[in-house]
Amino acid sequence: MISLIVAFDENRVIGKNNKLPWNIPEDMEKFKKATMGNIIIMGRNTFEGIGRPLPGRINIVITKDESFHYKGVEVFHSVEEALEEALKLGKEVFFIGGESIYRQVADLVDKFYISYIHGKYDGDSYFPEISLSNFQIIKEEIYDDFIYKEYEKNTLAL
Ligand SMILES: NC(=O)c1ccc[n+]([C@@H]2O[C@H](COP(=O)([O-])OP(=O)(O)OC[C@H]3O[C@@H](n4cnc5c(N)ncnc54)[C@H](OP(=O)(O)O)[C@@H]3O)[C@@H](O)[C@H]2O)c1
C-alpha cells in the first residue's frame, strides 16, 4: 500500500522555514499512530527539519547528494528507487513530505491521510492541488484545530 500523510491549512500551507507552522499535538498523535511500525519516505529538507530518524519506523530519505549518510536512515537518490525498495519490505509505505516529494508522488498514492488544519498560517511550502474524485472517505474525525480524513482509492466493482 502506498500512502501519503499530510497536514495543510486553508491555503494549503504545509511548512515555513523547514518546520511545521503550527504545534498541534493531536495531529502529531495521528501522524505517529498511522506511521508507527511502517515505512516513512521523505525529502532531505523534511528530514533536516525533523533532525533525526523517527523511532519505530523505517526512515528513508531521498536526496541527490551521494555523500549524504545518517545513522538509522536509508538513503536513496530517486523516488522510484526508494519506492521500489520500500515496497519489497511488505509494510505500508508513507510519503511524509515535503512539498517537492508530494508533487512527485500524488498520482501513485492508494491512500491519503489528510489533516485539514483550521486557519491560515504564514508559509513557504504548499500541498499541491490533487483530485480525490477516485477516492472515498473511510474515516473522518473532528478535532478543535483540524479535521482528519482518510481516503482510499475506489476499487472497481466488477
Ligand atoms: N505539514 C505537513 O504535513 C508537512 C510534512 C512534511 C514536510 N512539511 C514541510 O515541507 C517543507 C519541506 O518541503 P520541500 O519541498 O522544501 O522539501 P522536501 O520535499 O522535504 O525535500 C526536498 C529535497 O529532497 C530531495 N529530493 C526531492 N526529490 C528528489 C528526487 N526525485 N531525487 C533526488 N532527490 C530528491 C532533494 O534533496 P537534495 O537537495 O539533498 O538533493 C530536495 O532538495 C518544510 O517546511 C516541512 O516542514 C510539512
Side-chain angles (χ1 to χ4, degrees), residues 2-36 38-87 92-130 132 135 137 139-151:
I2 303 175
S3 299
L4 182 157
I5 188 161
V6 63
F8 59 82
D9 79 359
E10 290 167 16
N11 285 329
R12 307 184 81 80
V13 163
I14 61 166
K16 167 90 187 208
N17 295 332
N18 219 18
K19 297 278 181 201
L20 294 179
W22 43 77
N23 177 17
I24 304 178
E26 282 173 314
D27 180 52
M28 297 309 293
E29 273 306 308
K30 299 307 295 179
F31 176 86
K32 189 172 177 183
K33 186 160 180 262
T35 58
M36 191 54 70
N38 291 309
I39 301 168
I40 52 176
I41 303 181
M42 70 203 92
R44 203 245 323 150
N45 293 352
T46 293
F47 177 71
E48 302 285 353
I50 298 171
R52 66 191 164 95
L54 292 177
R57 287 146 277 196
I58 295 172
N59 286 244
I60 293 180
V61 172
I62 302 176
T63 173
K64 290 198 168 62
D65 181 354
E66 299 280 344
S67 67
F68 179 90
H69 298 287
Y70 201 102
K71 190 165 181 273
V73 166
E74 295 190 33
V75 181
F76 291 96
H77 304 295
S78 73
V79 171
E80 295 75 16
E81 195 190 358
L83 184 57
E84 191 181 328
E85 290 305 313
L87 287 171
E92 189 169 354
V93 177
F94 285 84
F95 286 106
I96 68 160
E99 177 177 340
S100 79
I101 297 296
Y102 290 143
R103 289 190 182 281
Q104 295 172 75
V105 305
D107 289 344
L108 307 174
V109 171
D110 305 305
K111 185 167 179 182
F112 287 91
Y113 298 69
I114 301 180
S115 292
Y116 295 91
I117 306 291
H118 299 326
K120 295 178 179 177
Y121 288 78
D122 194 19
D124 56 20
S125 314
Y126 294 83
F127 189 66
E129 295 287 345
I130 55 167
L132 289 167
F135 287 76
I137 298 170
K139 188 184 276 191
E140 179 166 357
E141 295 170 359
I142 296 175
Y143 295 89
D144 286 348
D145 298 320
F146 66 103
I147 296 175
Y148 172 83
K149 294 186 190 180
E150 294 179 9
Y151 299 81

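Numbering of ligands and ligand atoms starts at 1, following listing order. As a basis for the values below, the full set of heavy atoms in this structure was taken, side chains included, without hydrogen atoms, waters or symmetry mates.
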Here's one to test your reading of the geometry: is the NZ or CZ of Lys149 within 45 degrees of the ring axis of Tyr116 and under 6.0 Å from its centre? yes
Which of the numbered atoms in ligand 1 are under 4.0 angstrom from any heavy atom belonging to Val6? 3 (O)
Side chains of Ser100 and Gln104 in contact at under 4.5 Å (non-hydrogen atoms): yes
For the pair Phe47 and Phe68, name the ring-plane relationship: parallel under 30°, tilted 30 to 60°, perpendicular over 60°. perpendicular
Which protein heavy atom lies closest to atom 37 (O) of ligand 1, and at what distance to 0.1 Å? Arg44 CB, 3.6 Å
Which residue and non-hydrogen atom of the protein lie closest to atom 31 (N) of ligand 1, and at what distance in Å? Gln104 OE1, 2.8 Å
Decide whether the shortest distance between a heavy atom of Arg103 and an atom of ligand 1 is less than 4.0 Å. no
Residues Glu26 and Lys30 bridged, charged N to O under 4.0 Å: no
Numbering as shown, the atoms of ligand 1 that approach Ile101 to under 4.0 Å (heavy-atom distance): 19 (O), 27 (C), 28 (N)
Among protein heavy atoms, which sits nearest to atom 4 (C) of ligand 1, and what does the distance come to when rounded to 0.1 Å? Leu20 CD2, 3.7 Å
Tell me: protein heavy atom nearest atom 44 (C) of ligand 1, and distance? Asn18 OD1, 3.3 Å
In the protein, which heavy atom is nearest to atom 20 (O) of ligand 1, and how far is it? Thr46 OG1, 2.6 Å
Please indicate whether Asp107 has more than 12 foreign heavy atoms, meaning atoms of other residues, nucleotides or ligands, lying under 6.0 Å from its CG. no
Does the gap between the ring centers of Phe8 and Phe127 come in under 6.0 Å? yes
Where does Ile96 meet ligand 1, judged by heavy-atom distances below 4.0 Å: at the side chain, the backbone, both, or neither? backbone
With ring-ring contact (aromatic ring centres under 6.0 Å, His included) as the test, pick out the partner of Phe135 among Tyr113, Tyr151, Phe112. Phe112
I'd like to check which ligand 1 atoms, numbered from 1 as shown, lie under 4.0 Å from a non-hydrogen atom of Lys16. 45 (O)
Quiz question for you: does at least one protein heavy atom lie closer than 4.0 Å to atom 42 (C) of ligand 1? no
Are Glu140 and Ile147 close enough that some pair of their side-chain heavy atoms sits under 4.5 Å apart? yes
Any idea which atoms of ligand 1 are less than 4.0 Å away from a heavy-atom of Gly97? 6 (C), 20 (O)
Restricting to heavy atoms, the pick from Val105, Ile62, Asp9 nearest atom 26 (N) of ligand 1 would be Ile62
Below a 4.0 angstrom heavy-atom separation, can you tell me which part of Lys19, side chain or backbone, both or neither, approaches ligand 1? backbone
At a 4.0 Å threshold, what atoms of ligand 1 neighbour a non-hydrogen atom of Gly43? 18 (P), 20 (O), 21 (O), 24 (O)
closest protein heavy atom to atom 10 (O) of ligand 1 is Ile14 CD1, 3.5 Å
Of Gly15, Gly98, Ser100, Ala7, the residue with the heavy atom nearest atom 27 (C) of ligand 1 is Ser100
Run the side-chain contact (heavy atoms from CB on, under 4.5 Å) test on Ile101 and Ile41 for me, step by step, so that the C-alpha distance in whole Å, both residues' side-chain angles and the decisive distance to 0.1 Å come before the verdict. CA-CA 9 Å; Ile101 297 296; Ile41 303 181; 5.5 Å; no
Among all protein heavy atoms, pick the one closest to atom 13 (O) of ligand 1 and tell me residue, atom and distance. Glu99 N, 3.2 Å
Could you check whether any heavy atom of Phe47 sits closer than 4.0 Å to an atom of ligand 1, since that is the contact criterion I want to use? no
Does Thr63 reach ligand 1 with a nitrogen or oxygen that is under 3.5 Å from one of the ligand's nitrogen or oxygen atoms? yes
Is it the case that atom NZ in Lys120 sees more than 12 heavy atoms from other parts of the structure closer than 6.0 Å? no
Considering non-hydrogen atoms of the protein only, which is the closest contact for atom 11 (C) of ligand 1, and what is the distance? Ser125 OG, 3.4 Å
I want to check something: taking the side chain as every heavy atom from C-beta on, are Tyr102 and Ile130 in contact at a cut-off of under 4.5 Å? no
Are His77 and Thr63 side-chain neighbours, meaning at least one heavy-atom pair lies under 4.5 Å? yes
Ligand 1 versus Phe8: contacting region, heavy-atom distance under 4.0 Å: neither
Answer yes or no: is there a side-chain heavy-atom contact under 4.5 Å between Pro21 and Asp9? no
